2 protein chains.
Amino acid sequence: MNDTASSETDRLARQTESVFDLQAFFPYLVRVFYTDVTNALAEIYTRDHSLAPSEWRTMAILGQHGHLRAAEIVERSSMDKVSVSRAVKKMHERGLLEKQNNTKDGRSSLLCLSGEGRAVYDDIVPKVLAAEQRMLAGVLPEDIAAFHRVMRAIRDNLN
Amino acid sequence: MNDTASSETDRLARQTESVFDLQAFFPYLVRVFYTDVTNALAEIYTRDHSLAPSEWRTMAILGQHGHLRAAEIVERSSMDKVSVSRAVKKMHERGLLEKQNNTKDGRSSLLCLSGEGRAVYDDIVPKVLAAEQRMLAGVLPEDIAAFHRVMRAIRDNLN
DNA sequence: CCAGCTTAGTTTCATATGTAACTAAGTCAA
DNA sequence: TTGACTTAGTTACATATGAAACTAAGCTGG
């Protein structure tokens with residue numbers, strides 16, 4: 001196709017009712033940004049400990065609060081229950097977490113990290129905190145505060 | 001498990017070298033935020049036109065610039081070439097885009113939206129722009145500017 | 001020209017993720 | 001107590017995604 005036809009198409013594109021520039025579209029920018037952030041992080045726990053994102057998130061919750069039911073991990077991690085169920089299963093198989101019968105409710109177990117699980121947790125935590133520092137290096141605190149405000153406001157607007 | 005054991009675990013958790021609170025961890029907040037934003041958007045193009053995210057992104061690029069090679073869509077959309085290849089294939093099958101032989105290079109085709117494709121595009125664009133407005137409603141312009149600065153700075157920090 | 005390297009795009013394979021159906025257990029009212 | 005409803009977690013299915021291998025075409029130095 002030659003330049004004339006290309007310009008013609010661009011003209012037709014421009015004359016459409018709505019001018020739309022993907023590169024300036026807020027949700028697009030958020031996606032690109034998110035992808036970079038999440039990949040930088042996944043790099044750490046995948047390379048060093050072969051954890052899937054859902055497994056790392058489960059570990060992060062259990063490192064902070066032990067003896068949780070799966071449903072409590074769901075709440076605190078914003079993952080759905082299927083992801084948590086699978087993460088728990090895999091981590092249990094790998095010996096990273098322990099299940100105890102919930103005497104109060106036979107449908108669920110109480111979950112916590114095993115010794116090995118905590119060792120992995122203790123290895124990962126400083127690394128991801130360092131990665132967080134690296135990302136945020138040089139960013140003005142007031143800009144970070146604004147960033148948090150925007151995230152909260154948009155989530156509220158979306159209900 | 002009883003309360004005593006639970007407290008014991010929490011104590012052990014607290015004594016770990018690094019205190020780590022997932023809910024306050026920047027990459028976690030970004031993920032939760034991103035998920036909400038992207039789902040709000042996907043709702044529109046999926047419900048109304050059964051487009052996958054990668055298809056919508058491809059359409060968004062082609063709506064703006066026609067007669068592109070797949071590689072050019074890859075560059076402009078931050079998707080990988082596999083996703084673009086699949087999106088293009090599906091949209092072509094559905095008659096949403098047209099392929100023309102690239103006389104300059106037999107390995108690639110030049111892509112643009114078909115009439116039907118442009119009709120879908122023209123239907124979606126105002127809806128997603130409205131959704132963008134809804135998200136950002138009431139957010140201070142200076143906070144949005146700060147948000148953009150933070151995204152740029154972090155992406156730079158990550159290279 | 002033509003053998004070896006590079007590039008564009010596709011396919012294959014492994015894995016991730018979400019919805020819906022399902023199983024097992026608990027609750028509650030009659 | 002027991003049958004209908006609810007809840008916790010799992011499994012099945014469909015689809016998404018990305019890395020790596022592959023195919024076809026183009027380029028380049030000799």
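Just so we're on the same page: letters track the sequence lines, and every chain starts at 1. Please read these numbers as outputs of a predicted model, since none were measured by experiment.
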**Prompt:** Side-chain contact, heavy-atom cut-off 4.5 Å: A:Leu68 with A:Arg76?
**Reply:** yes
**Message:** Using side-chain heavy atoms (C-beta onward) and a distance below 4.5 Å, is A:His67 in contact with A:Leu111?
**Reply:** no
Hey, does [X] reach any base, or is it just sugar-phosphate, or nothing, if we go heavy atoms under 4.0 Å?
X: B:Lys99; answer: sugar-phosphate
X: A:Asp105; answer: sugar-phosphate
X: A:Arg86; answer: base

**Message:** Both A:Pro53 and B:Lys81 contact DNA chain C. Taking the nearest nucleotide for each, which residue is further toward the 5' end?
**Reply:**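 Result: B:Lys81.
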**Message:** Heavy-atom nearest nucleotide on DNA chain C for A:Gly106 versus A:Val82: which residue maps closer to 5'?
**Reply:**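 By nearest-heavy-atom nucleotide position, the 5'-most residue is A:Val82.
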**Request:** Nearest whole angstrom, please: distance from the P of D:dT10 to the NZ of A:Lys89.
**Result:**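 Going from NZ in A:Lys89 over to P in D:dT10 covers 9 Å.
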**Complete:** In whole angstroms, the gap separating C1' of D:dT7 from CZ of A:Arg69 amounts to 10 Å
**Request:** Name the first nucleotide and the last nucleotide along DNA chain C (5' to 3') that come under 4.0 Å of a heavy atom in chain A.
**Result:** C:dA16 to C:dG26
**Request:** Kindly indicate, with the supporting measurements, whether the criterion ring-ring contact (aromatic ring centres under 6.0 Å, His included) is fulfilled by B:Phe147 and A:Phe26.
**Result:** CA-CA 10 Å; B:Phe147 193 96; A:Phe26 187 83; 5.3 Å; yes
**Prompt:** In Å, rounded to the nearest 0.5 Å, how long is the span from CZ of A:Phe33 to OG1 of A:Thr38?
**Reply:**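 Atom-to-atom, A:Phe33:CZ and A:Thr38:OG1 are 10.5 Å apart.
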**Parallel, tilted or perpendicular: rings of B:Phe25 and B:Phe20 (30°, 60°)** = perpendicular
**Message:** Quick one about A:Asn102 and A:Ser109 (side-chain donor to acceptor, distance below 3.5 Å, no hydrogens or angles considered), yes or no?
**Reply:** no
**Prompt:** Of the nucleotides D:dT7, D:dA16, D:dA25, which has the atom closest to the B:Arg107 side chain?
**Reply:**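 Of all the options, the side chain of B:Arg107 is nearest to D:dA25.
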**Item:** Under 4.0 angstrom between B:Lys104 side-chain N/O and D:dG26 OP1 or OP2
**Value:**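 It does not, given that no N or O in the side chain of B:Lys104 lies less than 4.0 Å from OP1 or OP2 of D:dG26.
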**Message:** So, OP1 or OP2 of D:dG18: does either fall under 4.0 Å of a side-chain N or O from B:Ser83?
**Reply:** yes
**Request:** Using a cut-off of 6.0 Å, state whether more than 12 heavy atoms not belonging to A:Lys89 lie near its atom NZ.
**Result:** no
**Asked** After noting the C-alpha distance and the side-chain angles of A:Asp123 and A:Lys127, does the key distance pass the salt bridge (charged side-chain N to carboxylate O under 4.0 Å, His left out) rule?
**Response** CA-CA 7 Å; A:Asp123 181 63; A:Lys127 291 177 180 170; 3.0 Å; yes
**Interface residues of residues 28-47 of chain B with DNA chain C (non-hydrogen, below 4.0 angstrom)** = none
**Prompt:** Which residue pairs satisfy the salt bridge (charged side-chain N to carboxylate O under 4.0 Å, His left out) criterion with at least one member in residues 20-36 of chain A, sequence neighbours excluded?
**Reply:**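 Listed once each, the pairs are A:Asp36-B:Arg155.
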